[in-house]
Novice: 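Here it is, the structure in full.
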Amino acid sequence: QVQLIDSGGGLVQAGGSLRLSCAASGRTFSIYRMGWFRQAPGKEREFVAQISWSGGRTNYADSVKGRFTISKENAKNTVYLQMNSLKPEDTAVYYCAAGPEQGYYYWGQGTQVTVSS
């Protein structure tokens, strides 16, 4: 079982920044990729960003390109999401996820991000 603990959410004004963190532990297999998803009230969960664990290849949703940066610290089994120029539309619960080469199997509890104005 892989446990993911995500944190770093909060309340910020539009144009502000937040950095989310996700630490993985207890994994039974080598994680190939980690990513972030988000879900706003009444809406479907959507993909935000992902990163491959070894090569560091990244992918982003069009809505966050140029504003969000996903990164990793392999020694700590931790992935980060630096969020800049935040907009009210970014308000959501953000979920860390991890999985093998295809798909995501493990999920964090979620951390609330609220952007005012």
Novice: Could you work out, with side chain to side chain donor-acceptor pair (under 3.5 Å) as the rule, every residue matching Asn59, not counting sequence neighbours?
Specialist: none
Novice: If Ile, Leu, Val, Met, Phe, Trp and Tyr residues are connected whenever their side-chain heavy atoms lie under 4.5 Å apart, and connections chain through other members, are Ile70 and Trp53 in the same group?
Specialist: yes
Novice: Within the side chain of Asp6, is there an N or O that forms a donor-acceptor pair under 3.5 Å with the backbone of Gly110?
Specialist: yes
Novice: Taking the side chain as every heavy atom from C-beta outward, state whether Tyr104 and Arg33 have any atom pair closer than 4.5 Å.
Specialist: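 Touching, per the 4.5 Å side-chain cut-off.
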Novice: To which residues is Leu11 joined in a hydrophobic cluster, defined by side-chain heavy-atom contacts under 4.5 Å among Ile, Leu, Val, Met, Phe, Trp and Tyr, whether direct or through other members?
Specialist: none
Novice: Cluster question for you: counting only ILVMFWY and a side-chain heavy-atom cut-off of under 4.5 Å, with indirect links fine, are Tyr106 and Ile51 together?
Specialist: yes
Novice: Would you say Tyr105 ends up clustered with Phe47 if hydrophobic residues are merged whenever their side chains have heavy atoms under 4.5 Å apart, either directly or through other cluster members?
Specialist: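 Different hydrophobic clusters.
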Novice: So which atom in Leu4 and which in Cys22 form the shortest heavy-atom distance, rounded to 0.1 Å?
Specialist: CB-SG, 4.0 Å
Novice: For Arg57, is there any backbone N or O sitting under 3.5 Å from a side-chain donor or acceptor partner on Ser52?
Specialist: yes
Novice: Ala24 and Met34: which non-hydrogen atoms are nearest, and at how many Å?
Specialist: CB-CE, 4.4 Å
Novice: Going from CG on Leu81 to CZ on Arg19, what distance comes out if it is rounded to the nearest 0.5 angstrom?
Specialist: 10.5 Å
Novice: Of the non-hydrogen atoms in Ala14 and Pro88, which two are nearest, and what is the gap between them?
Specialist: CB-CD, 4.1 Å
Novice: Under the salt bridge (charged side-chain N to carboxylate O under 4.0 Å, His left out) rule, collect the residues that match up with Arg38, sequence neighbours excluded.
Specialist: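 Residues passing salt bridge (charged side-chain N to carboxylate O under 4.0 Å, His left out) with Arg38: Glu46, Asp90.
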Novice: Do Val115 and Phe37 land in one hydrophobic cluster if side-chain heavy atoms of ILVMFWY residues count as linked below 4.5 Å?
Specialist: no
Novice: Using the test side-chain contact (heavy atoms from CB on, under 4.5 Å), find all partners of Ser7 that sit at least two apart in sequence or belong to another chain.
Specialist: Ser21
Novice: Under the rule for side chain to side chain donor-acceptor pair (under 3.5 Å), what residues qualify as partners of Gln82, not counting sequence neighbours?
Specialist: Asn84
Novice: For residues 74-98, which residue pairs pass the ring-ring contact (aromatic ring centres under 6.0 Å, His included) check, not counting sequence neighbours?
Specialist: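 Matches after skipping sequence neighbours: none remain.
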Novice: Of the options Thr91, Leu20, Val93, which is the one that meets Val113 in a side-chain contact (heavy atoms from CB on, under 4.5 Å)?
Specialist: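 The residue from Thr91, Leu20, Val93 that satisfies side-chain contact (heavy atoms from CB on, under 4.5 Å) with Val113 turns out to be Leu20.
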Novice: Would you sort out whether Trp36 and Met83 count as a side-chain contact (heavy atoms from CB on, under 4.5 Å), showing the intermediate values?
Specialist: CA-CA 12 Å; Trp36 292 92; Met83 304 184 295; over 6 Å; no
Novice: Which distance, rounded to the nearest 0.5 Å, do you find between the OG of Ser85 and the CZ of Phe68?
Specialist: 9.0 Å
Novice: Please report the interatomic distance CD(Gln109) to CD1(Ile5), rounded to the nearest 0.5 Å.
Specialist: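 Interatomic distance, Gln109 CD to Ile5 CD1, rounded to 0.5 Å: 8.5 Å.
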